[in-house]
Amino acid sequence: MPESYQASAALEKELRAALKGEVRFDNGSRALYATDASNYRMVPIGICLPLDQADVIAAINVANKYGAPILTRGAGTSLAGQCCNWAVVLDLSKYVNRIIDLDPTTKLARVEPGLVLDDLRDAAEKHHLTFGPDPATHKWCTLGGMIGNNSCGVHSIMSGRTSDNIQELKILTYDGVQLSVGPTTDALYDQIQTEDGPRAEIYRKLRELRDKYSEVIRTGFPKLPRRVSGFNLDELLPENGFNVARALVGTEGTCVTVLEATTKLIHSPPFRVLVALSFSDIFIAADNVPLIMSFGPVGLEGFDKHFMADVRRKNLHLADVALLPDGGGWLLVEFGGETQDEARAKAEKLLAHLKTLETPHDARIFLDPKTQRRIWRIRESGLPATASTGDDEENHEGWEDAAVPPEKLGAYLRDFRDLLGKYDYHSALYGHFGHGCVHTRLTFDLRSEAGIVKWRSFLFEAAALTVKYGGSLSGEHGDGQSRAELLPIMYGPELMNAFREFKSIWDPQNKMNPGKVIEPYRLDEHLRYGPGYAPWTPLTVFQYPEDRGSFVQATDRCVGAGLCRRSDGGTMCPSYMATHEERYTTRGRARLLFELMRGEVLKPDWKNEAVKESLDLCLACKGCKSECPVNVDIATYKAEFLSHYYEGRMRPRAAYAMGWIHQWSKIGSKMPGLANFFTQNAVTSPLLKFLGGISSERTIPKFADQTFRSWFFGRNKTQPRSLKVILWADTFNDNFHPEIARAACEVLEHCGVEVIVLKQKFCCGRPLYDWGMLDKAKALLQEILTGVGPYLEQEIPIVVLEPSCASVFRDELCNLYPNDPRAKKLSEQTYLLSEYLAKFIPPEKLPRLSGMAILHGHCHQKSIMKSDAEEQVLRAAGLDLETLDAGCCGMAGAFGFEKAHFEISKQIGELRLLPTLRSAKPETLTITDGFSCREQIEQFTDRKPLHLAEVLRRGIRP
Ligand SMILES: Cc1cc2nc3c(=O)[nH]c(=O)nc-3n(C[C@H](O)[C@H](O)[C@H](O)COP(=O)(O)OP(=O)(O)OC[C@H]3O[C@@H](n4cnc5c(N)ncnc54)[C@H](O)[C@@H]3O)c2cc1C
């Protein structure tokens with residue numbers, strides 16, 4: 001039994017000795033890799049992160065010695081359960097990811113399997129080439145995974161499936177045979193047969209298999225562009241060049257391990273024109289697909305009214321949605337050309353033809369690439385729009401990518417709608433309509449016996465329906481476990497035998513990803529939930545109002561899409577971007593917390609070290625809260641976890657030094673000279689840093705000579721005005737940078753606003769969350785609610801200068817006190833300075849500015865408040881503004897000050913933000929509102945970042 005390997009210390013030991021890379025058999029790592037993006041969960045034996053191809057070979061050699069199964073993994077975004085197994089997992093994404101060669105002349109690239117698709121596309125783009133198939137996960141999925149699944153994408157219309165774009169594969173069998181495989185001419189075959197050894201035997205068996213089954217392969221494989229289910233035995237036919245490489249594409253790691261691939265690159269038309277067509281419903285839209293395809297588009301996607309309703313309900317891209325014509329079913333048709341005119345002419349030809357038809361429709365044409373991107377964003381929001389969160393009825397993958405011949409799409413969809421009605425399942429329909437491939441996330445109940453019986457029955461009927469239309473159970477995601485049991489419906493017994501024989505030629509011991517695709521587990525086995533799912537439900541401090549009050553439901557949110565593994569933009573997830581470690585992704589952390597609540601491989605106990613370790617590098621930037629398609633909120637879960645982890649224990653010294661900054665600053669600001677003497681001189685500063693757990697490389701911020709509050713209360717009283725605000729004197733701007741709060745005061749008064757500062761000193765307690773000091777944080781919030789209560793009643797806005805403080809009021813406060821109306825009011829009445837000015841002050845009243853500026857948004861601002869108001873105000877004031885997409889600065893509150901985090905903090909800053917700023921023109925202003933962002937920038941560059949308030953004040957008094 002595979003479980004017996006779990007205790008195999010000898011296997012682990014030998015792998016450690018054999019590999020240069022990493023070997024992890026601890027429960028935390030096993031829990032981390034227990035699932036992919038599917039409904040399945042199988043805890044692996046252990047994880048290896050091979051350093052190079054030689055390491056992959058060594059790992060499989062050792063596994064073979066112990067008879068341990070193997071599962072090779074890329075980004076783990078598989079949706080059908082093919083990327084979780086009781087096996088030794090080889091994660092190739094971290095190290096085995098080079099482009100070995102890219103030759104624009106032959107239009108071929110040699111790549112390692114862990115390479116991210118977009119890394120290849122970016123390199124190819126320099127030569128106006130591309131790798132054609134582009135799954136929605138193109139920014140983080142790997143070539144190995146694409147080859148495993150035979151992936152496709154929007155532009156498969158132009159390029160075909162992954163298999164159509166593979167020239168040669170270097171592969172390794174479980175028995176250690178290494179081969180380069182591709183098309184096989186008769187001469188090559190004959191030459192191979194002159195050799196002794198395994199290659200000749202494998203090729204002989206493949207030829208025999210092909211000859212034995214050639215008739216049924218020719219007749220039994222449905223003819224449609226998106227046949228992804230089953231093995232590509234048709235590639236072995238003589239008319240297809242006995243292509244062994246392409247026959248192995250789509251075998252989902254069940255036959256061989258791919259060590260290297262030679263991929264074809266294609267010319268990508270540089271100019272695009274997009275047409276959005278709307279019809280009265282999705283069925284009529286689908287009926288028109290074959291006609292539209294005859295006009296030669298390079299992309300043809302569709303979505304229905306339920307999809308649009310989901311997009312609207314989740315407030316996704318509302319401004320973009322308004323660009324689409326009205327209707328009940330939409331098609332996006334992209335045309336390509338060598339010139340804009342060529343692409344446009346193709347689009348106009350289609351539109352002219354459509355006008356001659358009687359089918360009512362509406363059309364818009366988009367020539368500008370930026371607007372085209374906006375329209376594509378709507379289609380790309382498929383998962384965030386349709387995945388269930390919060391109070392939604394739960395939905396799951398499981399029947400999400402069947403494909404039929406495009407000419408039958410309309411009829412198939414009508415029958416499919418009836419089938420959904422029969423089972424009372426609901427879903428939006430969308431997908432790659434040009435290739436007849438339809439996506440759905442359906443409202444399956446995968447938690448009760450009855451729900452699973454119903455689901456199973458539905459799947460068999462859905463498979464029969466697809467086959468009736470000459471379709472493929474999978475049109476792009478693969479069979480894995482969720483379709484494998486259904487394959488006989490599509491292929492019949494003889495072809496199933498052929499598949500079995502094919503697998504056993506490569507993997508006679510059945511050790512490669514066993515139980516998937518061939519000789520499969522039942523589709524209702526090893527479910528992530530299942531009827532037995534009874535998670536631990538401990539009491540929590542946060543109340544999780546958006547997750548029905550349940551921490552368990554919050555940790556269930558992750559659907560495994562893996563967006564948190566992208567490195568090319570956005571904020572999420574800084575620690576992954578710096579480490580390329582699954583355990584430092586949003587997904588990895590959510591999965592570990594899920595496993596903790598599940599309480600099997602990880603014990604249900606808050607004192608878990610693996611979870612703690614994974615959360616330790618979370619910067620609490622809240623990037624995931626807005627960028628993750630299902631809004632996983634690791635910053636909150638981290639604070640929750642740490643609050644329990646440290647129950648009855650001392651926290652690290654940094655927690656008391658920096659978590660209690662509100663206390664220390666009360667003392668320090670009373671005698672700033674003395675405090676600064678101790679924090680800044682060469683003798684006591686290192687000692688204080690040591691005691692406070694602060695990195696010796698960091699400079700401790702200096703107390704100002706006079707606090708903002710002392711300045712404010714010491715000046716002459718201002719005239720009462722009709723517009724009033726409370727200017728929030730936060731700990732940082734009051735004690736360390738009063739010039740910012742003074743500037744804000746001046747700007748607000750310049751705009752005709754009366755500024756009120758509260759007499760009582762409050763602190764929102766932001767740093768306390770970093771160490772889970774939630775009792776104290778709650779107590780501080782209670783003080784604030786009492787103190788500001790009367791002002792809230794008078795509807796006086798609270799203007800907050802520090803984004804991380806504003807985010808406490810907008811975010812954590814309502815999660816801690818969801819039923820306190822004062823909390824709701826405070827959250828609603830809290831404004832950043834920019835938000836207040838944008839909402840209440842006419843642009844002409846703003847101070848006037850000129851020149852160029854760069855805006856770096858604080859992560860909490862980008863996630864919770866968004867930077868739109870800040871951009872609006874700065875532009876209205878006259879600045880020529882560039883807003884950076886430079887991720888997190890790496891400081892993230894106290895994170896980067898901590899000794900243990902200094903290096904990674906610097907590394908994160910150096911990924912994008914710091915080099916961008918260094919290369920900016922000296923006269924360009926750098927604007928950022930976060931205290932920690934400014935510290936990071938000042939400590940690592942020679943730029944002087946300014947708060948919005950300081951910049952605007954320059955427009956009053958240069
Ligand atoms: C939100 C979302 C959208 C998606 N959209 C699309 C889409 O538009 N089109 C599409 O085709 N798919 C799509 N997918 C599915 C998935 O992203 C793709 O199949 C992707 O190519 C898988 O890449 P990966 O690196 O994550 O592979 P993994 O999931 O890591 O692996 C996939 C399979 O390949 C095998 N494998 C990995 N490396 C090797 C190797 N070196 N040798 C042998 N076998 C190997 C694995 O064992 C596994 O069976 C989507 C998934 C999600 C979650």
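Counting starts at 1 for both ligands and their atoms, following the listed order.
- The two atoms that bring T571 and M577 nearest to each other are O-CE, 3.7 Å, heavy atoms only.
- Ring centers of Y491 and F221: under 6.0 Å apart, within the cut-off.
- Of all protein heavy atoms, the one lying nearest to atom 19 (O) of ligand 1 is N149 ND2, 2.9 Å.
- Scanning the protein for heavy atoms near atom 45 (C) of ligand 1, the closest one is G144 O, 3.7 Å.
- Residue-ligand proximity, L92 to ligand 1, at heavy-atom distances under 4.0 Å covers atoms 41 (N).
- Looking only at heavy atoms of the protein, atom 51 (C) of ligand 1 is closest to L79 CD1, 3.3 Å.
- The single protein non-hydrogen atom nearest to atom 49 (O) of ligand 1 is E252 O, 3.0 Å, given as residue, atom name and distance.
- In this structure the side chain of T254 never reaches within 4.5 angstrom of the side chain of F499, judged on heavy atoms.
- The backbone N or O of E525 lies less than 3.5 Å from a partner atom in the side chain of Q481, making a donor-acceptor pair.
- Less than 4.0 angstrom separates some heavy atom of C83 from each of these atoms of ligand 1: 28 (P), 29 (O), 30 (O), 31 (O).
- Looking at T142 next to ligand 1, an N or O pair under 3.5 Å apart turns up.
- Using a 4.0 Å heavy-atom cutoff, T254 is absent from the residues neighbouring ligand 1.
- For ligand 1, the polar-atom distance check against V258 finds a nitrogen or oxygen pair separated by under 3.5 Å.
- Listed by number with element, the atoms of ligand 1 under 4.0 angstrom from any heavy atom of S151 are 11 (O), 18 (C), 19 (O), 20 (C), 21 (O).
- Applying the 4.0 Å criterion to heavy atoms of R73 picks out, from ligand 1, the atoms 30 (O).
- Note on D392 versus R313: salt bridge recorded, some NZ/NE/NH1/NH2 to OD/OE distance being below 4.0 Å.
- At a heavy-atom distance under 4.0 Å, only side-chain atoms of P113, from C-beta outward, approach ligand 1.
- At least one donor-acceptor pair under 3.5 Å links the side chain of N395 to the backbone N or O of S388.
- In terms of protein heavy-atom proximity, atom 8 (O) of ligand 1 is nearest to A136 N, 2.9 Å.
- Counting the atoms of ligand 1 from 1 in the order shown, those under 4.0 Å from a heavy atom of C152 are 7 (C), 8 (O), 9 (N), 10 (C), 11 (O).
- Distance alone, capped at 3.5 Å, is enough to place a donor-acceptor pair between the N513 side chain and the Q82 backbone.
- With F594 as the aromatic partner, R528 meets the cation-pi criteria of under 6.0 angstrom to the ring centre and within 45 degrees of the ring axis.
- Closest to atom 46 (C) of ligand 1, if we only count protein heavy atoms, is T72 O, 3.0 Å.
- Side-chain polar atoms of R441 and H396 form no donor-acceptor pair below 3.5 angstrom.
- For the pair D118 (side chain) and W140 (backbone), a donor-acceptor distance under 3.5 Å is absent.
- A 4.5 Å side-chain heavy-atom check between V559 and L383 finds at least one atom pair inside the cut-off.
- Checking E112, M146, E476 against atom 7 (C) of ligand 1, the nearest heavy atom belongs to E476.
- The single protein non-hydrogen atom nearest to atom 24 (P) of ligand 1 is A75 N, 3.5 Å, given as residue, atom name and distance.
- If you check each of D134, L143, T137 against atom 2 (C) of ligand 1, the one with the closest non-hydrogen atom is T137.
- For atom 31 (O) of ligand 1, the nearest non-hydrogen atom from the set S78, G148, G560 belongs to S78.
- Applying the 4.0 Å criterion to heavy atoms of H432 picks out, from ligand 1, the atoms 8 (O).
- Nearest non-hydrogen protein atom to atom 23 (O) of ligand 1 is C141 CB, 3.5 Å.
- Considering only non-hydrogen atoms, atom 17 (O) of ligand 1 lies nearest to T77 out of V228, I70, T77, I171.
- Taking a cut-off of under 4.0 Å to the non-hydrogen atoms of Q82, the atoms of ligand 1 that pass are 48 (C), 49 (O).
- Counting atoms of ligand 1 from 1 in the listed order, those under 4.0 Å from a heavy atom of L71 are 47 (O).
- Aromatic ring orientation, F307 versus Y430: tilted (interplanar angle from 30° to 60°).
- Under the rule for a ring pair (Phe, Tyr, Trp, His ring centres under 6.0 Å), the partners of W330 that lie at least two apart in sequence or sit in another chain are F303.
- Residue contact annotation: L383 has a non-hydrogen atom under 4.0 Å from ligand 1.
- Judged by distance alone, with hydrogens and angles left aside, the side-chain atoms of N631 form no donor-acceptor pair with the main-chain N or O of E627 at under 3.5 Å.
- Counting only N and O atoms by type, the side chains of D401 and S474 include a donor and acceptor under 3.5 Å apart.
- Around atom 15 (C) of ligand 1, the closest heavy atom drawn from K516, H477, R441, M512 belongs to H477.
- An N or O contact shorter than 3.5 Å links G74 to ligand 1 by distance.
- If you check the side chains of T386 and D310, you find no donor sitting under 3.5 Å from an acceptor.
- Ligand 1 has no nitrogen or oxygen under 3.5 angstrom from a nitrogen or oxygen of A561.
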